[in-house]
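Read through the structure below, which is laid out as structure tokens, and then see the notes.
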Amino acid sequence: MSCGCDCSSRTDLIIDRWNADPDFVIEMFQDIQEEFRHIPESSLNQIAERTGKPRGILFHIATFYKAFSLEQKGELEIQICTGTACYVKGAVDVLRAFERELHVDSGETTPDGRFTLSEVRCVGACGLAPVVVIGEEVIGQVTPSMVPDLLKKHR
Ligand code: FES
């Protein structure tokens, strides 16, 4: 299925970059994820055709690694840590505040394609709990009342 963009020729360029070598399908996926912010099904099919790697194995790779997504993500990912330390400090209330403000559920992308909201289990900053990661920025001691301002800053 096509995602509506010119994925095909851009995917071909990426496959060419790796000489259509089946030993480099993960590298191809990394480039495709970066280019399209997800792995379009059409790109996966092109890699299968051109490298000879079975589609089932490619699908397994695309779903196994957290760095890859078959669904298009927003420009900025908002990750709410719901690991134990953050959970006991109110991470669920923070998550609900983001869901309310963005009008999406965890795992979804806003209709304008700006934000994808997701949950993660511990980002290694438990001393700052509850923690939210927006793009590359790690923000500690987040409360629900901070959420509107955090979003305004990243709109
Ligand atoms: S549990 Fe949230 S940073 Fe560790």
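Atoms within a ligand are numbered from 1 in the order they appear, just like the ligands themselves.
Under the ring pair (Phe, Tyr, Trp, His ring centres under 6.0 Å) criterion, Phe98 pairs with no residue at all, not counting sequence neighbours. Here His60 pairs with Phe64 under the ring pair (Phe, Tyr, Trp, His ring centres under 6.0 Å) rule; sequence neighbours left out.
Ser106 and Glu119 share a donor-acceptor pair across their side chains, judged by distance under 3.5 Å alone.
For Lys153 and Glu137, the salt-bridge test passes: some basic side-chain N is under 4.0 Å from an acidic carboxylate O.
For the pair Leu102/Ile78, a side-chain contact is recorded, criterion being any heavy-atom separation below 4.5 Å from C-beta on.
Around atom 2 (Fe) of ligand 1, the protein N, O or S atoms found under 2.8 Å comprise Cys81 SG, Cys86 SG.
Hydrophobic side-chain contacts under 4.5 Å tie Val123 into a cluster, directly or through other members, with Val120, Leu128, Val131, Val133, Val138.
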